[in-house]
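Numbering starts at 1 and runs along the sequence shown.
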Amino acid sequence: MHNQPWTAAHLVAFDLEGTGGQDREDEAILEVGAVPLPDGRPDVGGAYHSIVNPGRHIPRRPWSSPGLTNDVLASAPSLEHVVPELTARLDGAYIVGHNVHVDWRLLSSRCPGIRPAGLIDTLKLARRVHEGKRPRSLTALLERYQLTNEVTRLVGGRPHRALWDATGAGLLLGKLLADLPGGGALTVVGLRDVAGSPLGDGGEQPLPLF
C-alpha cells in the first residue's frame, strides 16, 4: 500500500467545531464532519455529519461557528452517541484537515479510542507549495483555487461549519498536490512525507495560519 499512488490511501477529510481553546480541559465538541476521499476526491454521498450536544450552555463568542446556537445544540445527540460512527470512519484512515492538529488535539482528548493511521495537514502542504505567500487560512486558499462555490454546491452550508470545512480541505488537497512539483506522482509514503504530521499525544502546537 505504501508504494501505491497517494490516491489509493484510505483518506478521510475531517473537521470539528468546538467551544474554543479558552475552555482548556473543558473544551467541548459541538459539530463533526467526515468526508471519505476515494481516489483523492470528496465523496459527499458517503459523508457523515452531526451536531453534538455539549450538555451545557455555551456562551456566544465572536468566533462561534454560525448557526450553532444553544437551541440547536440542545436537540442534538450527545458525543457518546456520535463516537461509534466517528470511530468506524476514522480508525485506520489518514485524517486530512487544515491545521489538522487543532482538531486532532480535541478529538483525541474527547474520543481517545479513535486510532487513525496518521494525519495529513493541508496547511503544512500549502506552506510548502506557496512558500512565502499569505494568507494560508482554509477560506483564503479555497478562494485562491476558486473552490469556494464548489464546496457550497457540494454540501451547502458555509465556512466554519464542520462539513463545509472538511469538504473544502478534501478538495484543497488535490489542488495543492497538483501544484507541487511531482505531486501528482506521489506515493502514499510520499504524501506522508510532504504533508504528514505525527499523531503524538494530540498536544503538538498547530502551525500558524500566516
A.B. asks: So do Leu180 and Leu186 actually touch side chain to side chain, heavy atoms under 4.5 Å?
C.D. replies: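 In contact.
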
A.B. asks: Would a 4.5 Å heavy-atom cut-off, applied to side chains only, mark Ile114 and Pro116 as touching?
C.D. replies: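 In short, these two side chains touch, coming nearer than 4.5 Å.
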
A.B. asks: Applying ring-ring contact (aromatic ring centres under 6.0 Å, His included), name anything that partners His130, two or more places apart in sequence or on another chain.
C.D. replies: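 Scan of His130 (ring-ring contact (aromatic ring centres under 6.0 Å, His included), adjacent residues dropped) gives Tyr145.
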
A.B. asks: Just wondering, more than 12 heavy atoms not from Arg144 lying within 6.0 Å of its CZ?
C.D. replies: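 Atom CZ in Arg144 is crowded, with more than 12 foreign heavy atoms closer than 6.0 Å.
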
A.B. asks: Do Leu107 and Leu86 have side-chain heavy atoms sitting under 4.5 Å apart?
C.D. replies: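 Yes, side chains in contact.
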
A.B. asks: Got more than 12 heavy atoms from elsewhere within 6.0 Å of CZ, Arg24?
C.D. replies: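 At most 12 heavy atoms, drawn from other residues, nucleotides or ligands, come within 6.0 Å of this atom.
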
A.B. asks: Please list all pairs passing the ring-ring contact (aromatic ring centres under 6.0 Å, His included) test where one or both residues lie in residues 18-58, with sequence neighbours left out.
C.D. replies: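 Qualifying pairs, neighbours excluded: none.
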
A.B. asks: If you measure from CH2 on Trp164 to CG on Leu154, what distance do you get to the nearest 0.5 Å?
C.D. replies: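 The CH2 atom of Trp164 sits 10.5 Å away from the CG atom of Leu154.
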
A.B. asks: Report the distance from atom CG of Leu173 to atom CG of Asp121, rounding to the nearest 0.5 Å.
C.D. replies: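 Output value for this atom pair is 10.5 Å.
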
A.B. asks: When you look at CG of Asp26, are more than 12 heavy atoms from neighbouring residues, nucleotides or ligands closer to it than 6.0 Å?
C.D. replies: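 More than 12 heavy atoms, drawn from other residues, nucleotides or ligands, come within 6.0 Å of this atom.
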
A.B. asks: Just by distance, do the side chain of Glu17 and the backbone of Glu31 share a donor-acceptor pair under 3.5 Å?
C.D. replies: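 A pair under 3.5 Å: no.
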
A.B. asks: For the residue pair His98 / Thr122, report whether a side-chain donor-acceptor contact shorter than 3.5 Å exists.
C.D. replies: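 Their side chains do contain a donor-acceptor pair, which is all the 3.5 Å distance test asks for.
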
A.B. asks: When you measure from the side chain of Arg161 to the backbone N and O of Ser65, does any donor-acceptor pair fall under 3.5 Å?
C.D. replies: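 Between the backbone of Ser65 and the side chain of Arg161 there is no qualifying donor-acceptor contact (under 3.5 Å).
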
A.B. asks: The criterion is side-chain hydrogen bond (donor to acceptor under 3.5 Å, both in side chains); which residues satisfy it with Thr139, sequence neighbours excluded?
C.D. replies: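 Ser137.
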
A.B. asks: Can you tell me if Arg41 has over 12 outside heavy atoms packed within less than 6.0 Å of its CZ?
C.D. replies: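 Open: at most 12 neighbouring heavy atoms sit under 6.0 Å from CZ of Arg41.
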
